[in-house]
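Naming: A, B, ... by sequence-line order, numbering from 1 per chain. The basis for the numbers below is simple: all heavy atoms, side chains too, and nothing from hydrogens, waters or symmetry mates.
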Number of protein chains: 2
Amino acid sequence: MPPGEKIKVLLADDQTMIRQGFGYVIGLQADMMLVGEAFDGKEAVDMAIASQPDVVLMDIQMPRMTGIEATQAIMARLPATKIVILTTFDDQEYIVQGIRAGAVGYLLKDAEVEDMLEAVRSAFRGEAVYRTGLAAHALSKVVSASYIAPGAAPKPLVLEPLTEREQEILQEMAYGLRNDQIAQKLVISEGTVKSHVHRILQKFGCEDRTQVVVTALRNGLVK
Amino acid sequence: MPPGEKIKVLLADDQTMIRQGFGYVIGLQADMMLVGEAFDGKEAVDMAIASQPDVVLMDIQMPRMTGIEATQAIMARLPATKIVILTTFDDQEYIVQGIRAGAVGYLLKDAEVEDMLEAVRSAFRGEAVYRTGLAAHALSKVVSASYIAPGAAPKPLVLEPLTEREQEILQEMAYGLRNDQIAQKLVISEGTVKSHVHRILQKFGCEDRTQVVVTALRNGLVK
DNA sequence: CAAAATCTCTATCTGCAGATAGAGATTTTG
DNA sequence: CAAAATCTCTATCTGCAGATAGAGATTTTG
């Protein structure tokens, strides 16, 4: 990547630790530059408009204006901005809201640094980011486990976003329901459930529902 | 249960909150009596020998002597004692050690009071206790979900203990492996894997591997 | 040491899961 | 408003999962 084409990253988080930690690492990257550090949602919006970042790492819980609101505000003005929600294990309920507000995905705050960096690059490339920190280790096992074939590279942990219906069906799968039970519960045909399940498997890059459910549970994508 | 045949319970935990909370409730039960409250492992052993409890609720993280060591010491002297490990979400790695040391199962500290009481009664009846607090809610969904049939009572969350091999296979299942992959990994035949899986399904009272894996993950029975 | 538990294996059978290949209806988005 | 995405459905086919019923070998336990 030639100079001058660095990925412009804005970091919005009220925790100094996170800002300094992630911010420092971003500054070290050859292909990234930190264009601002905001400590609340309001400031994040102002800085985004001023610096026009490619990617924003956006905390949810912030003073004055939440990350959700800031995401909406930024998307309204700068729709090309890729916003990645930063969450803790506890506020996963806001992830859906964040994505509805226009975020491309989320990242757990205890993510490994390399995960964070790859999330930024994925977001920049226009891919959705559903990547965790906590479960990254467990997940890499699942992934490698399902790809024992020699030479197979570990699959990137990036998903196409699920549609609402797919999310619903994924949740039922994670309750241990069979396809026919899901069909009954959602009042659709079993064939339709199979269609959705098929798409979900594809998006997860998994071979069967057990792998999907494991991945979803370990990544907090379902209750 | 006639008077004089109350379940004698010993409570060992260094947290006063837990001792007082659980201890108080145990004292209220018609079929239980609290024969002691220990605040560390050493005291737990001494009090167990003195009061010969039927059931011990044993914390893992305690001063002077850990719950694991105390469990071993008590089992060596009073092998009929039923010891239930008390854990937090964080020290689940010790559960296996506790069970190897002779505990009949475990209970998460944030368990509902009724769960705790039923754990004590289950343990007293000689049943293994693999019951959580945290995941009880999610699990009850799984259980009820797999038992939509009208009139079906929700299954008690008590498992026969898994053998070592079954635990190993459960772990592989939770990594998303198919039966033939597990067979390859453990160097046994696929048929043998199916035998173990069948037993695991029976012990969990589940209908398929997805339900088992969901239950195991939500209850911290696997990594 | 004998009994019980555990681990292993074989073999057959049914059924659900998932792949594949559309295609129409509805909703969302530019 | 037109295009794209989403949700729904049908239908067929293969294969793995799991049930069932043993049974021998080994290890653990009283």
Which value, rounded to the nearest 0.5 Å, describes the distance between [X] atom [atom1] and [Y] atom [atom2]?
X        : Y        : atom1 : atom2 : value
B:Lys194 : B:Ile182 : NZ    : CD1   : 12.0 Å
B:His196 : B:Ile188 : NE2   : CD1   : 5.0 Å
A:Ser189 : A:Gln184 : OG    : CD    : 13.0 Å

Nucleotides bounding contact with chain A, strand DNA chain D, heavy-atom threshold 4.0 Å:
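Terminal contacting nucleotides, 5' to 3': D:dT6 to D:dT10.
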Can you name the nearest heavy-atom pair linking B:Met47 to B:Leu10, along with the distance?
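Shortest heavy-atom contact: CB-CD1, 4.0 Å.
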Nearest atoms (heavy-atom pairs only) where B:Thr210 meets A:Gly176
CG2-CA, 4.5 Å
Go through the structure and list residues passing side-chain contact (heavy atoms from CB on, under 4.5 Å) with B:Ala44, not counting sequence neighbours.
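B:Ala44 satisfies side-chain contact (heavy atoms from CB on, under 4.5 Å) with B:Ala12, B:Ala38, B:Met58 once adjacent residues are dropped.
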Residues forming a side-chain contact (heavy atoms from CB on, under 4.5 Å) with B:Gln171, sequence neighbours excluded:
A:Arg218, B:Ala174, B:Tyr175, B:Val222, B:Lys223
B:Arg165/B:Glu168 ion pair, N-O < 4.0 Å
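Here B:Arg165 pairs with B:Glu168 in a salt bridge, since their nearest N and O are under 4.0 Å apart.
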Quick test of your reading of the model: are A:Arg178 and B:Asp208 salt-bridged, counting only N-O distances below 4.0 Å?
no
So what is the 5' to 3' dot-bracket string for DNA chain C, if pairs are Watson-Crick or G-U wobble with both distances under 3.5 Å, crossing pairs use [ ] and | means the partner sits on another strand?
||||||||||||||||||||||||||||||
Among residues 187-196 of chain A, which contact DNA chain C at a heavy-atom distance under 4.0 Å?
A:Glu190, A:Lys194
Nearest heavy atom decides the nucleotide; on that basis, is A:Gln202 or A:Arg178 closer to the 5' end of DNA chain C?
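Looking at the nearest nucleotide for each, A:Arg178 comes out on the 5' side.
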If you assign A:Leu186 and B:Asp180 each to the DNA chain D nucleotide with the nearest heavy atom, which residue ends up on the more 5' nucleotide?
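In this pair, the answer is A:Leu186.
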Could you give all pairs that pass the side-chain hydrogen bond (donor to acceptor under 3.5 Å, both in side chains) test and reach residues 40-52 of chain B, with sequence neighbours left out?
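side-chain hydrogen bond (donor to acceptor under 3.5 Å, both in side chains) check on residues 40-52 of chain B returns B:Asp40-B:Arg64.
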